[in-house]
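Shown next, in structure tokens, is the structure this report addresses.
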Amino acid sequence: MELKLYNSLTRQKQVFEPMDPQRVTMYACGPTVYNYVHIGNARPAVVFDTLYRVLKCLYSNVVYARNITDIDDKIINKSNELSQDINVITKKYSEAYFEDMQALNTLTPDKIPYATQHIPEMIDMVQALIDRGHAYETDSENLSDRGHVLFSVPSMPNYGQLSKRNLDEQEAGARVEVAGYKQYAGDFVLWKPSTDNEPGWDSPWGRGRPGWHLECSAMIKKHLGETIDIHAGGQDLIFPHHENEIAQSCCANDGKALANFWMHNGFININGEKMSKSLGNFRLVNDLLQQYPGEVLRYVILSSHYRSEQNFSKELLDSAWRTLDSLYGLIRGLEPVEAVLEPSGAAFKALLDDLNTPVAISELYRLAKAVNQAKGDEQQDIMRELAGLADILGLLQQDPEQWFTQARADDQLTAEQVEVLIQARQQAKQEKDFAKADQVRQQLLDGGVILEDSREGTKWRRS
RNA sequence: GGCGCUGUAGCAAAGUGGUAAUGCAGUGGACUGCAACUCCGCCAUCGUCGGUUCGAUUCCGACCAGCGCCUCCA
């Protein structure tokens, strides 16, 4: 049983072989906490959570780290904008992030490093880069330009290996003015000076703060090691973020590779358009969770392959919800069973093939249908397999009764009212007063409640 | 200009050199007092044009149409 993953570095699917099967390491870039995260931020979290689950099935010890960037100019700007302490902002939004991630059924990573708690490690790395001739401190005549430490891109011959970019062939500075203190247009900031009213830490280059790319490199080294098995993130991070991470880590660690496998998820669009501030079409996870169960969002994300682009729409969400309803309907009618993952099953094989979650999900239906057709012990066996598959996908984790009946924002009837009406209908049915019974059912339907009669009695669910 | 991606049924989405999984929606039927649930069935020739091949949606080429990155970004 081998796991194949698409490696962005080689641009092909490769058999995954960890350096140490006793300690598999993976890192995914987490959020910068200055706002609620949007659905696009949720995709890598869900996708790589699923990878984490698969890896845990294959290896006894998987160390998964996902960082929190809690120092960044965007956060500083927000702080100034709201006249709130930066810590208040980062605390609020990191907590909101964890809540969102929990709603999406993501497992808690083994390590959740915060950038601000790794300043010494970052300073060490900058110093190492300076010592090795890969970084330089600016010494501009312009006072405000002093105190920067930049990575010297020309000092690294194979810079651009991940993004396959040759910076000399890019339109350097075409869209952004190149800062005058750079020796080379592609050089990037490792350490930047802070003014008195900006957060900062003392360093050999004066009081300042780390550049964004540096954080990940330093935290990876500390928590996972100089070279890790898998580094993951969104496609847009390939350049410059991941390219620069490679440059920093590789040059600071005497040429050692930062990661053997690089994995990147595709984008989520909204109604065919990229999410952007100018279009005002961000879909915040927090807002979506007011309308949809977290599992619906997770289902939608897993219903297409992680590397392809995905288009988000109301129709997609509603259809996903209906689908999950039918699966929950199946569980609802059966006794709970112990989940058993079937490693030889088609679903797990699909997951081992570069995380083919759409195929794995289709197996969920195949099993569901088989359960509905089977009886007795056989039914139990298939149900166990279905539950095992659901677990690795992080789906069907709720109590089915609750799934159908839990209160929602737009409810017109309480659960108690529903029960009373069902009783009334039951009474009418026994008296063969079907007109009355249908009238009650219509009343419930108008209130957003659908009934399902069965031998065991009447079940209800919110539509 | 550099690097790269996509185009499969109303919607969503896999996949393969030998005539296309799956879900939603739709539809015919069974079940049901009527429904709902469930079950059985139906519903596509894979952007266009060429080439390679016994045979291509799947390989190659051209074209058309979308799109991403090259600046912060999942």
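Note on naming: letters A, B, ... go to the chains in the order of the sequence lines (proteins, then strands), and numbering restarts at 1 for each one.
Nearest-nucleotide positions on RNA chain B place A:D453 closer to the 5' end than the other of A:D72 and A:D453. Along RNA chain B, the nucleotide nearest A:A370 and the nucleotide nearest A:E315 are compared for position; the residue whose nucleotide lies closer to the 5' end is A:E315.
Between the P atoms of B:C49 and B:A65, the separation comes to 16 Å (whole Å). Between B:A20 and B:C60, the two P atoms lie 22 Å apart (nearest whole Å). Taking the P atoms as reference points, B:G1 lies 30 Å from B:G51, given to the whole Å. Only the P atoms considered, B:G15 is 24 Å distant from B:G68, to the nearest whole Å. To the nearest whole angstrom, the two P atoms, one in B:C42 and one in B:C5, are 38 Å apart. With both ends at atom P, the span from B:U48 to B:U38 equals 36 Å, rounded to whole Å. Comparing the C1' positions of B:U57 and B:G50 gives an interatomic distance of 16 Å, to the nearest angstrom. If you take atom P in B:G29 and the same atom in B:A36, they sit 13 Å apart, rounded to whole Å.
Using cut-offs of 30° and 60° on the angle between ring planes, the pair A:W262 and A:H231 is parallel. A tilted orientation is assigned to the rings of A:Y52 and A:Y64, their planes being inclined by 30° to 60°. Taking the six-membered ring for Trp and thresholds of 30 and 60 degrees, A:W403 and A:Y328 have nearly parallel ring planes, at less than 30 degrees apart.
Applying the 4.0 Å criterion to OP1 and OP2 of B:C40, one finds that A:K369 has a side-chain N or O inside that range. Contact between the side-chain N/O atoms of A:R366 and the OP1/OP2 oxygens of B:U22 is not found at any separation under 4.0 Å. When the side-chain nitrogen and oxygen atoms of A:N372 are compared with OP1 and OP2 of B:C39, one or more of them lie within a distance under 4.0 Å. The shortest distance between the side-chain N/O atoms of A:K164 and the OP1/OP2 oxygens of B:C70 is not below 4.0 Å. An OP1 or OP2 oxygen of B:C34 is reached within less than 4.0 angstrom by no side-chain nitrogen or oxygen of A:Q442. Distances shorter than 4.0 Å separate some side-chain N or O of A:S308 from OP1 or OP2 on B:A14.
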Verdict with reasoning, A:L51 to A:L55, per side-chain contact (heavy atoms from CB on, under 4.5 Å)
CA-CA 6 Å; A:L51 175 64; A:L55 288 171; 4.0 Å; yes
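With both pairing distances under 3.5 Å, B:U52 is matched to nothing as a Watson-Crick or G-U wobble pair. With both pairing distances under 3.5 Å, B:A13 is matched to nothing as a Watson-Crick or G-U wobble pair. Base pairing analysis places B:A30 opposite B:U38; the two distances defining the Watson-Crick or G-U wobble pair are each below 3.5 Å. Under the Watson-Crick and G-U wobble criteria, each requiring two contacts below 3.5 Å, nucleotide B:U58 is left unpaired. Across all strands shown, B:G1 forms a Watson-Crick or G-U wobble pair with B:C70, both key distances being under 3.5 Å. In a base pair of the Watson-Crick type (N1 to N3 plus N6-O4 or O6-N4) or a G-U wobble (N1-O2 and O6-N3), with each distance short of 3.5 Å, B:U6 is matched with B:A65. With both pairing distances under 3.5 Å, B:U45 is matched to nothing as a Watson-Crick or G-U wobble pair.
Rounded to whole Å, the distance from NZ on A:K429 to C1' on B:A36 is 11 Å. In this structure, A:R43 places its CZ atom 14 Å from P of B:A74, rounding to the nearest Å. Between the CG atom of A:N244 and the C1' atom of B:C69 there is a distance of 14 Å, rounded to whole Å. Remark: P of B:A13 and CD of A:Q310 are 7 Å apart, rounded to the nearest angstrom. In this structure, the CD1 atom of A:I270 is 14 Å from the P atom of B:A74, given to the nearest Å. Atom-to-atom, CD1 of A:I268 to C1' of B:A12 comes out at 14 Å; the value is rounded to the nearest Å. Going from atom OH of A:Y93 over to atom P of B:A74 covers 15 Å, rounded to whole Å. Computed from coordinates, the A:R307 CZ to B:C69 P distance equals 19 Å when rounded to whole Å.
For B:A35, the base has a donor-acceptor partner in the side chain of A:R441 [N/O atoms by modelled type, under 3.5 angstrom]. No N or O donor and acceptor, one from the side chain of A:N356 and one from the base of B:G15, sit under 3.5 Å apart.
Taking the charged nitrogens against the carboxylate oxygens, A:E198 and A:R209 do have a contact shorter than 4.0 Å, which makes a salt bridge. Salt-bridge check for A:K274 with A:D236: failed, with every basic side-chain N at 4.0 Å or more from each acidic carboxylate O. With respect to the salt-bridge test (charged N to carboxylate O, under 4.0 angstrom), the residues A:R283 and A:D287 do not qualify. Between A:R408 and A:D411 there is no salt bridge, since none of the side-chain N atoms of the basic residue sits less than 4.0 Å from a carboxylate O of the acidic one.
Counting non-hydrogen atoms under 4.0 angstrom, A:R66 reaches nothing in the nucleic acid. When heavy atoms are screened at a 4.0 angstrom cut-off, A:G234 is found touching the sugar-phosphate backbone but no base atom. Within 4.0 Å of A:G329, counting heavy atoms only, lies no atom of the nucleic acid at all. Counting non-hydrogen atoms under 4.0 angstrom, A:E452 reaches a base of the nucleic acid. Looking at heavy-atom distances under 4.0 Å, A:E363 makes no contact with the nucleic acid at all.
Checking B:C24, B:A13, B:G33 against every side-chain atom of A:P358, the shortest atom distance belongs to B:A13. Of the candidates B:C24, B:A13, B:U22, B:C24 carries the atom nearest the A:S326 side chain, counting heavy atoms from C-beta on.
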